[in-house]
Structure formats: structure tokens, C-alpha cells
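Every number for a ligand or one of its atoms is a count from 1 in the order of the listing.
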Amino acid sequence: MKEIIIATKNPGKAEEFKTFFAKFNIKAVSLLDLSQSIQDVEETGVTFEENAALKAEQIAKLVNSPVLADDSGLTIDALNGRPGIFSARYAGEPKDDKANIAKVLAELKDTKETDRTARFVCVLAVATPDANTIFKKGYCEGSISVTSKGSNGFGYDPIFIPKNYTRTMAELSSDEKNSISHRSNAIRQLEDWLENL
Ligand SMILES: O=c1[nH]c(=O)c2ncn([C@@H]3O[C@H](COP(=O)(O)OP(=O)(O)OP(=O)(O)O)[C@@H](O)[C@H]3O)c2[nH]1
Ligand SMILES: [Mg+2]
């Protein structure tokens with residue numbers, strides 16, 4: 001079976017990539033699966049693209065094979081696009097999904113339902129030892145709920161209601177999330193590349 005390394009230490013993302021890539025008969029190996037411990041890549045970029053490239057290219061150099069990285073986040077219109085590239089650590093170190101959710105809900109407490117529009121963004125970067133890095137970007141439109149609901153998924157899923165849904169992303173099954181998510185929209189654009197891996 002073909003393999004690709006995913007430059008992530010996020011178990012929620014890793015699980016989603018394993019499910020997507022199984023459909024292409026490709027084994028997705030995350031940094032959590034490797035026996036060697038890999039230092040965190042510093043995400044010093046100012047865009048999703050820059051951070052995705054940093055992760056993919058630094059890990060590709062280490063392993064000398066194609067590496068895919070995902071830099072993603074939530075952009076909320078009423079917060080001028082925050083948390084954006086700072087989504088993972090919005091409430092500070094160490095990374096804490098519950099604290100991030102509490103911070104967002106507190107910041108939106110006076111924002112009415114129609115003004116709570118938001119979208120998830122996912123930028124994928126594929127770095128190969130002998131070619132330029134390629135990028136694909138996917139979105140998922142929606143809005144921020146008033147309370148946190150559901151236990152599937154990760155991150156901000158319990159407060160994100162996808163457009164045309166009444167449930168939060170964390171109340172959807174993983175198949176439902178994977179059919180509409182920002183990550184799946186970006187991965188679909190990689191299909192040709194995956195078929196030739
Ligand atoms: O509810 C969510 N459903 C999703 O599908 C999703 N995708 C991204 N996010 C948020 O954005 C951060 C990414 O930041 P990020 O790209 O730097 O990843 P990370 O630091 O978690 O892991 P790594 O891949 O860098 O190792 C994550 O931690 C989450 O807070 C999501 N939240
Ligand atoms: Mg990160």
C-alpha cells in the first residue's frame with residue numbers, strides 16, 4: 001500500500017486524513033505514528049499558506065519523501081477574521097479546545113445570531129524533495145452557535161453550525177462532517193495528485 005506522511009500532531013486531523021486516504025488506498029501516517037520523536041515546527045508564518053509550507057517542507061527534508069501538511073482554522077466575521085491562523089492556541093498555551101471555545105463564545109456574547117457568520121479554512125501543502133510545493137485551499141461556511149453542543153470531531157466543532165444545517169459539526173457523524181468539511185474540500189482538489197502518488 002502506498003503511504004504519505006502527514007505533518008501533523010493533531011489526533012483529530014490525523015484521523016480524518018486516515019479516513020479520506022483509505023478511499024484512495026493510501027496509508028496516511030501522521031507524526032504521532034512515527035517511532036522517532038519529531039520536534040514541533042514553529043508556525044511563524046502570517047498566512048495559512050506560509051504555515052502549511054513551513055510544516056510540509058521542514059518534515060519533507062527530515063524524511064526525504066512527499067509530505068502533506070494542513071494549516072487550518074476558524075475565521076469569524078464579527079471578530080475581524082479571528083481566531084484565524086491563531087485558532088489552535090487562541091486562549092494561550094498549552095493548546096486547549098475548551099478554553100478556545102469559551103473565549104470565542106464570550107467575545108460573541110453580544111453578537112446577534114445573524115451576525116455570527118464564520119468559516120473554517122484548510123490549506124494543504126504538499127512538499128516533495130524534487131518539486132515545488134503545491135497548495136490547495138478548502139472552505140466550509142457556517143455560523144457560531146450560542147452554546148457548545150456535541151462531542152464528535154475536535155477544536156471548534158461543538159460551536160460551528162455548517163450552512164444549511166441546524167446541528168453543530170460535533171453533532172454530525174464523522175461521515176457527515178467529512179462530506180462537507182473544509183478539509184475534504186481541499187483534499188478533493190488533490191485527487192489527481194493522489195492518483196499518481
Ligand atoms: O472544530 C474544528 N474542526 C476542524 O475540522 C478544524 N480544523 C482546524 N481547526 C482549528 O484550527 C486549529 C488548527 O491549527 P493548526 O493548523 O496549526 O493545527 P494544530 O496546531 O492543531 O496541529 P498541527 O497540524 O499544526 O500539528 C485546530 O487546532 C482547531 O482549533 C478545527 N476546528
Ligand atoms: Mg499547529
Ligand 1 and [X], any nitrogen or oxygen pair closer than 3.5 angstrom?
X    : answer
N100 : no
K95  : yes
F154 : yes

Exercise for the section: Indicate yes or no: at least one non-hydrogen side-chain atom of K163 is less than 4.5 angstrom from one of I180. Expected result: no

Exercise. Check whether any side-chain heavy atom of Y139 sits under 4.5 Å from a side-chain heavy atom of V121, and report yes or no.
Key: yes

Is a donor from one side chain sitting under 3.5 angstrom from an acceptor on the other, for [X] and [Y]?
X    : Y    : result
S72  : D70  : yes
E16  : S181 : no
T117 : D77  : yes

Among the N/O/S atoms of E43, the Mg ion (ligand 2) lies closest to OE2

Which residue and heavy atom of the protein sit nearest [atom], plus the separation:
atom                    : value
atom 30 (O) of ligand 1 : Y156 CE1, 3.2 Å
atom 22 (O) of ligand 1 : N10 CB, 3.4 Å
atom 26 (O) of ligand 1 : K9 N, 2.9 Å
atom 25 (O) of ligand 1 : K55 NZ, 2.8 Å
atom 18 (O) of ligand 1 : K13 NZ, 2.8 Å
atom 24 (O) of ligand 1 : T8 OG1, 2.6 Å
atom 7 (N) of ligand 1  : R183 NH2, 2.9 Å
atom 17 (O) of ligand 1 : E43 OE1, 2.9 Å

Just list the side-chain donor-acceptor pairs under 3.5 Å for residues 23-33, sequence neighbours left out, or say none.
residue	atom	partner	partner atom	Å
S30	OG	L32	N	3.1
D33	OD2	K18	NZ	2.7
D33	OD2	S30	N	2.8

Quick note on ligand 1: atoms under 4.0 Å from a heavy atom of S72 include exactly 7 (N), 8 (C), 11 (O), 12 (C), 13 (C), 14 (O), 16 (O)

